[in-house]
Amino acid sequence: AQCRSIAMDVLKGLEFMHHRGILHRDLKPANVLLFGLDMPAKLCNFGIARFADRDAQTMTMTGTPAYLAPEVG
């Protein structure tokens, strides 16, 4: 149940960002902050985030290699 709660918090954070046109681009466990069992998990490290409406042709492979999608690597 705790893992599900953390996953839902992360998904809600991503949904919030995506509705505003922001892509995180480096989602991994190290970029999820946990403050306690009664607090929601928070996303952090937006250093390589970008706006989704930018030209897709200029997008480069960015992120932590071990966590990149298979089609990117």
Side-chain angles (χ1 to χ4, degrees):
Q2 187 177 356
C3 290
R4 182 183 305 164
S5 177
I6 293 168
M8 290 303 297
D9 290 342
V10 170
L11 291 172
K12 287 176 188 175
L14 290 172
E15 180 181 40
F16 180 87
M17 291 174 32
H18 287 187
H19 280 293
R20 285 151 183 81
I22 301 170
L23 302 176
H24 189 282
R25 300 197 323 160
D26 195 21
L27 185 61
K28 60 185 178 183
N31 290 337
V32 177
L33 299 178
L34 303 175
F35 296 101
L37 297 177
D38 58 339
M39 301 288 293
K42 302 288 184 181
L43 292 173
C44 67
N45 192 2
F46 293 88
I48 60 172
R50 73 174 186 90
F51 286 102
D53 62 356
R54 299 281 164 89
D55 184 9
Q57 299 298 328
T58 62
M59 188 170 163
T60 58
M61 184 177 80
T62 309
T64 304
Y67 293 98
L68 289 174
E71 64 271 15
V72 175

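All figures in this text were calculated on a predicted structure; none of them were measured in a lab. We number each residue from 1, following the sequence as shown.
- Between the Asn45 side chain and the Asp26 main chain, no donor and acceptor come within less than 3.5 Å of each other.
- When all heavy atoms of Leu23 and Met17 are compared, the pair lying nearest together is C-CE, 4.3 Å.
- In this structure, CG on Leu34 lies 4.5 Å from CD1 on Ile6, to the nearest 0.5 angstrom.
- Atom NE2 of His24 is separated from atom CG of Asn31 by 5.0 Å, given to the nearest 0.5 angstrom.
- Val32 approaches Ala41 most closely through the heavy-atom pair CG1-CB, 3.9 Å.
- Between Ala30 and Cys44, the shortest heavy-atom distance links the atoms O-SG, 4.2 Å.
- Around CG of Leu37, the count of heavy atoms belonging to other residues, nucleotides or ligands within 6.0 Å does not exceed 12.
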